[in-house]
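Note: hydrogens, waters and symmetry copies are ignored here, and every other heavy atom, side chains too, is used. Positions are given from 1 along the sequence.
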Amino acid sequence: MLKILVGALLFVCCGYVGCGVSAYYRRRSSLLSELTGYIDALEKGIAFLQTPLFDITSSYVADKKSDAAKMLSAYAGLLEKGEFSKADCLKAANSRLLTGYEKNLVAEMLYSLGRSDLDTQLSELSKYRANLSPITESAKENYKKYGALSFKLGILAGLAAMLLVA
């Protein structure tokens, strides 16, 4: 009886680990997609509507509770405060879902917003979109490939562990 309980516990633990790995890939893909969407919102808001940066950011994150929304809410707090440094932007862009290069890229983008004229700003946003697009596509492909696979492998590993113990 104890062997069956231990096997069931191993099955549940392995399934949980697989589910956690799948959630990591899903959250990373979602974060990068929302950052790309934020660049789209900035381009439309700056070029056509000429809306202030704080208003664009606040309205973009108004109804969202994702990792990108937390990051952009921290940035909106910096905008509301007024003066901030690149280190403050790096702290706002800090996420365990991003690599060091990606954190620096996002922090650099956030720091550069609103610091130049309209044409320069739009060209810089295009540059950041060009840098983030391949990373976003790679994250989406990894989620499709490894996200579903990790959950299934977690279940299979749990079954194998259960059979070995029982």
Check: residues 147-166 side-chain donor-acceptor pairs under 3.5 Å, at least two apart:
unit_1	atom_1	unit_2	atom_2	d
S150	OG	G18	O	3.4
S150	OG	S22	N	3.3
S150	OG	Y146	O	3.0
S150	OG	G147	O	2.9

Using a 3.5 Å distance criterion without hydrogens, assess whether the side chain of S138 forms a donor-acceptor pair with backbone atoms of P134.
no

Under 3.5 Å, which donor-acceptor pairs link side chains of residues 82-90 to any protein atom two or more places apart or in another chain?
unit_1	atom_1	unit_2	atom_2	d
S85	OG	A87	N	3.4
S85	OG	D88	N	3.4
S85	OG	D88	OD2	3.4
D88	OD2	S85	N	3.1

Nearest 0.5 Å, please: how far is NZ in K103 from CZ in R96?
10.5 Å

Supply the atom-to-atom distance I39 CD1 to S133 OG, rounded to the nearest 0.5 angstrom.
7.5 Å

One should read off an interatomic distance between L125 CG and K127 NZ, to the nearest 0.5 angstrom, of 10.0 Å

ring-ring contact (aromatic ring centres under 6.0 Å, His included): pairs with one or both residues in residues 94-128, sequence neighbours excluded
none

Apply side-chain contact (heavy atoms from CB on, under 4.5 Å) to residues D117 and Q121 and explain how you reach the verdict.
CA-CA 6 Å; D117 64 353; Q121 189 71 54; 5.9 Å; no

What pairs of donor and acceptor atoms, side-chain ones from residues 71-79 against any protein atom, are under 3.5 angstrom apart with sequence neighbours left out?
unit_1	atom_1	unit_2	atom_2	d
S73	OG	A69	O	2.7
Y75	OH	L110	O	2.9

The reported gap from OH in Y25 to NZ in K145 (rounded to nearest 0.5 angstrom) is 9.5 Å

Contact summary for Y60 and G37, nearest pair of heavy atoms:
OH-C, 3.5 Å

Nearest atoms (heavy-atom pairs only) where S95 meets L31:
OG-CD2, 4.1 Å

Other residues, nucleotides and ligands only: do more than 12 of their heavy atoms fall within 6.0 Å of NZ on K64?
yes

Has the side chain of S58 got a donor or acceptor atom that lies under 3.5 Å from a matching backbone atom of F54?
yes

In Å and rounded to the nearest 0.5 Å, what is the CD1 to CG distance from I4 to L9?
13.5 Å

Output the distance between atom CG (L118) and atom CD1 (I46), rounded to the nearest 0.5 Å.
7.5 Å

With D40 via salt bridge (Lys or Arg N to Asp or Glu O under 4.0 Å) - residues at least two apart
R129

Donor on one side chain, acceptor on other, T36 and T136, under 3.5 Å
yes

Enumerate the salt bridge (Lys or Arg N to Asp or Glu O under 4.0 Å) contacts for residues 8-35, please, sequence neighbours excluded, ordered by first and then second residue.
R27-D67, R28-E102

Walk me through it: do L32 and L98 pass the test side-chain contact (heavy atoms from CB on, under 4.5 Å)?
CA-CA 9 Å; L32 290 168; L98 298 176; 3.8 Å; yes

